[in-house]
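Here's the structure, in structure tokens; my notes come after.
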Amino acid sequence: MKKLALLTSGGDAPGMNACIRAVVRTALHQNIEVVGFRHGYEGLIHDEHIQLSHKSVANIIQRGGTILKTSRSQKFRTEEGLQLAANHLKKHNVDGLVVIGGDGTFTGAIALSHKINVPIVGCPGTIDNDLVGTDFTIGYDTAINTVIDAVDKIRDTAESHDRVFIVEVMGRDAGLIALRSGIGSGAEAILIPETKNDIPKLIERLKASRKDKSSKIIIVAEGDESGGAYKVAEILKEFFPQFDMRVSILGHMQRGGSPSCMERVNASIMGYNAVQALLQGKYGVMIGIVNKQVTYTPFDKAIKHTQALNADMLKMMEILSV
Ligand code: F6P
């Protein structure tokens, strides 16, 4: 193996830079050259490449975002885009490709592998944690810490004013950010896409809630069937006109910020092992960490996140936040 290509794709996530650094430095240690493509698959289509050195990944382990930049390429979904991307990989004569991203990134990697005979390995990079084959994706730990930091602050003002806050967090298809940050922040309720008929249950729960509570936090995942935090507030207002209610949408702040220590370490392990995997002839797989062990999950399995949720966690949250 003489030359590797590397890109980040899809939504950025804190820890991607730590992973980039690990891929580049592990490869260079093995005398493998690394070419980075900027803006994900879009950069591959337009041949937007840069040579990566020890120096180019210096001082980035602590930085959020991705120095390689990223995008959600529509063109890559077309036959023409895919062919251009394959041509450029061929032109650079690379012996392997490492992609860092989420389900869209791995779906793209599968499509690309039908066009060109270059081994591809993936590292899971998404704040949503919605991939099969890893306990934590790169970005998830930092994002949930960002959420609980924000909710703690909201709790201060909610408590002072005796208010109910509906806080919307990211998670288009998965409620994992809402669930973990809900437990971590002591939220009174969470609404997530994995559970149905959330609103009637929420109303019952609020009716039965302790009367001496002065503040309440309800966390809503953006993909919940209720239609989002404003919609939930509107419905609740009908049943509880006495509530002094406010809505807070945390939005893209959840994707930014300096990665947590756990994130940096996991991302480094994944980046390091992505290169090792290619050297060992493993490809078409996503590197993960399950029970502290490095795992290799075929792309088509990694993207099959189901709506199954740890029911015990939900039950526990409800008991603890009474
Ligand atoms: O990266 C995943 C995610 O944060 C989802 O939770 C969210 O729905 C989506 O990205 C928003 O992405 P964008 O604003 O970049 O389209």
Side-chain angles (χ1 to χ4, degrees), residues 7-20 38-43 63-77 99-109 122-134 136-151 166-182 184 190-195 219-232 247-260 263 266-267 270 286 288 302-307 309:
L7 59 83
T8 50
S9 160
D12 65 338
M16 279 184 163
N17 281 329
C19 190
I20 292 170
R38 285 159 54 88
H39 296 110
Y41 292 125
E42 194 67 22
R63 284 169 54 192
T66 157
I67 59 156
L68 285 178
K69 298 188 177 278
T70 186
S71 68
R72 300 188 195 275
S73 175
Q74 291 309 318
K75 196 159 181 204
F76 189 69
R77 292 167 193 263
V99 295
I100 307 170
D103 52 0
T105 306
F106 300 150
T107 304
C123 292
T126 163
I127 64 163
D128 291 346
N129 205 31
D130 58 346
L131 290 168
V132 177
T134 192
F136 292 95
T137 54
I138 298 168
Y140 179 57
D141 185 60
T142 307
I144 54 182
N145 278 293
T146 298
V147 173
I148 64 163
D149 186 44
V151 175
I166 322 289
V167 181
E168 187 175 302
V169 300
M170 275 187 166
R172 196 171 24 210
D173 308 308
L176 296 165
I177 293 178
L179 177 62
R180 223 160 235 270
S181 62
I190 57 165
L191 306 186
I192 50 179
E194 290 84 347
T195 56
I219 297 189
V220 185
E222 69 174 307
D224 183 65
E225 61 181 6
S226 58
Y230 280 106
K231 191 76 200 152
V232 173
V247 168
S248 183
I249 306 213
L250 300 187
H252 288 77
M253 68 177 292
Q254 296 162 89
R255 287 231 299 251
S258 180
S260 67
E263 207 83 86
N266 282 350
M270 289 171 181
M286 178 197 83
I303 59 178
K304 294 255 157 55
H305 172 75
T306 63
Q307 295 263 302
L309 204 78

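Each ligand, and each atom within it, is numbered from 1 in the order the structure gives. Just so you know, these numbers use all the heavy atoms, side chains as well, and skip hydrogens, waters and symmetry mates. As the structure is a prediction and not an experimental result, all values here were calculated from the model.
Side-chain contact between D128 and L176 is absent, with no heavy-atom pair separated by less than 4.5 Å. Within the 4.5 Å cutoff, side-chain heavy atoms of Q254 are placed close to those of I127. Contact check for V232 versus L191: side-chain heavy atoms found under the 4.5 Å cut-off. With contacts defined as side-chain heavy-atom distances shorter than 4.5 Å, the pair E42/F76 does not qualify. For the pair L250 and M170, the minimum side-chain heavy-atom distance is 4.5 Å or more.
Taking atom 15 (O) of ligand 1 as the reference point, the nearest protein heavy-atom neighbour is R255 NH2, 2.9 Å. Counting only heavy atoms of the protein, atom 2 (C) of ligand 1 lies nearest to D128 OD2, 3.2 Å. Among all protein heavy atoms, the one lying closest to atom 13 (P) of ligand 1 is R72 NH2, 3.5 Å.
Checking only distances, E222 does come within under 3.5 Å of ligand 1, N or O to N or O. Considering backbone and side-chain N/O atoms, M170 never comes within less than 3.5 Å of an N/O atom of ligand 1.
Contacts with ligand 1 closer than 4.0 Å are made by no heavy atom of Q254, backbone or side chain. At a heavy-atom cutoff of 4.0 Å, ligand 1 is contacted by the side chain of I127 but not by its backbone.
Here is the list of ligand 1 atoms found below 4.0 Å of a heavy atom in G171: 6 (O). Short contacts between ligand 1 and H252, defined as distances under 4.0 Å to a heavy atom of the residue, involve ligand atoms 13 (P), 14 (O).
S260 and D141 are linked by a side-chain donor-acceptor pair at a separation below 3.5 angstrom, with hydrogens and angles left out of the test.
I138 and M16 get closest at one heavy-atom pair: CG2-N, 3.7 Å.
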